[in-house]
Amino acid sequence: MTRQKFVGLLGAIAIATSMSAACAQSDAGVTTAVKAKLVADDTVKANKIDVDTKDRVVTLKGEVDTDIARARAVELARATNGVRDVVDQMVVAPGPAPTSGVGEAAKEAARDAGDALSDAGITTAVKTKLLADTDVSGLKIDVDTKDGIVTLIGDVGTPLEKKKAVEIARDTNGVKSVKDQLKIVKK
């Protein structure tokens with residue numbers, strides 16, 4: 001990972017951590033706070049964990065490499081401000097055994113970590129931009145990123161707000177495409 005990417009990641013984590021206190025009471029805020037903690041933790045390696053929150057109950061889905069990583073992910077989620085309960089739907093799926101030596105395994109691990117960090121960084125960047133925009137109710141929008149594809153889920157008040165949220169996500173560095181699952185709900 002380049003120094004520039006590393007510094008950018010640290011900045012994104014710092015922003016996510018600081019904003020998590022302000023928005024942790026909403027489901028989207030809880031999701032963002034939990035994702036930031038998972039990404040920042042060396043044990044968890046959150047590249048294959050999906051975080052969803054409904055009524056402050058966090059559901060963790062996906063794969064982890066060890067039982068220790070699974071327990072740590074649940075522990076971090078439970079310790080997040082605003083979390084009422086945690087549902088663990090993760091599976092332990094150890095990575096494949098190295099076949100061509102340690103060098104190849106290390107390269108693969110570095111590539112996987114880079115992918116996870118860039119998805120988490122994209123999620124954090126999009127969420128931060130949504131929260132900063134006065135025309136969008138960013139606290140009501142959940143942002144998920146997988147392989148550079150951002151999914152926006154939540155409620156917005158108008159078609160214009162929906163369009164603006166999608167534009168913000170599209171205009172964020174690293175975003176390949178945006179899946180719009182926003183619903184217009186009259187206030």
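- Under a 3.5 Å cut-off, the side chain of Lys162 and the backbone N or O of Gln181 do not form any donor-acceptor pair.
- The minimum heavy-atom distance linking Asp144 with Val51 is given by the pair OD1-O, 3.8 Å.
- In this structure, the side chains of Val156 and Lys140 stay at 4.5 Å or more apart for every pair of heavy atoms.
- Pairs engaging residues 69-78 under the side chain to side chain donor-acceptor pair (under 3.5 Å) rule: Asp41-Arg72, Arg70-Asp88, Arg72-Glu75 [sequence neighbours left out].
- Residues Lys179 and Val150 have side chains not in contact (no heavy-atom distance under 4.5 Å, counting atoms from C-beta outward).
- Residues Leu76 and Val57 fall into different hydrophobic clusters, defined by Ile, Leu, Val, Met, Phe, Trp and Tyr side chains chained together at heavy-atom separations under 4.5 Å.
- In the displayed structure, Ile184 atom CD1 is contacted under 6.0 Å by more than 12 heavy atoms of other residues, nucleotides or ligands.
- From Met90, atom CE reaches atom OG1 of Thr59 across 10.5 Å, with rounding to the nearest 0.5 Å.
- Heavy atoms only, all atoms of each residue included: Asp85 and Val83 are closest at O-CG1, 3.4 Å.
- The shortest heavy-atom contact between Leu60 and Ala77 is CD1-CB, 4.1 Å.
- A side-chain donor-acceptor contact under 3.5 Å links Asp27 to the backbone of Arg56.
- Ionic pairing of Lys164 and Asp133 is present here: one or more N-O contacts between side-chain nitrogen and carboxylate oxygen are shorter than 4.0 angstrom.
- Contact between Leu152 and Ala165 at its shortest, heavy atoms only, is CD1-O, 3.7 Å.
- To the nearest 0.5 Å, atom CG of residue Leu131 and atom OG1 of residue Thr32 are 7.0 Å apart.
- The side-chain heavy atoms of Ile122 and Val175, taken from C-beta on, include a pair separated by under 4.5 Å.
- Distance CD1/Ile153 to OG1/Thr151: 6.0 Å, rounded to 0.5 Å.
- Thr31 contributes atom OG1, which lies 11.5 Å from atom NZ of Lys54 (distance to the nearest 0.5 angstrom).
- No donor-acceptor pair under 3.5 Å is formed between the side chain of Thr145 and the backbone N or O of Gly148.
- Residues Val34 and Thr53 form no side-chain contact, since every pair of their non-hydrogen atoms from C-beta on lies 4.5 Å or further apart.
- The CG atom of Asp135 lies 12.5 Å from the NZ atom of Lys163; values are rounded to the nearest 0.5 Å.
- A donor-acceptor contact closer than 3.5 angstrom links the side chains of Glu161 and Ser137.
- Side-chain atoms of Lys129 and Thr172 include a donor-acceptor pair closer than 3.5 Å.
- To the nearest 0.5 Å, atom CG of residue Asp119 and atom OG1 of residue Thr124 are 10.5 Å apart.
- Annotation for Asp55 and Arg84: closest pair O-NH2, 2.9 Å, computed over non-hydrogen atoms.
- With hydrogens and angles ignored, the 3.5 Å screen pairs no side-chain donor or acceptor of Asp147 with any backbone N or O of Ile149.
- Of the possible donor and acceptor atoms, one in the side chain of Lys127 sits under 3.5 Å from a partner among the backbone N and O of Ile141.
- Taking both residues in full, the closest heavy atoms of Asn81 and Val30 are given as O-CG2, 4.1 Å, listed atom of the first, atom of the second, then distance.
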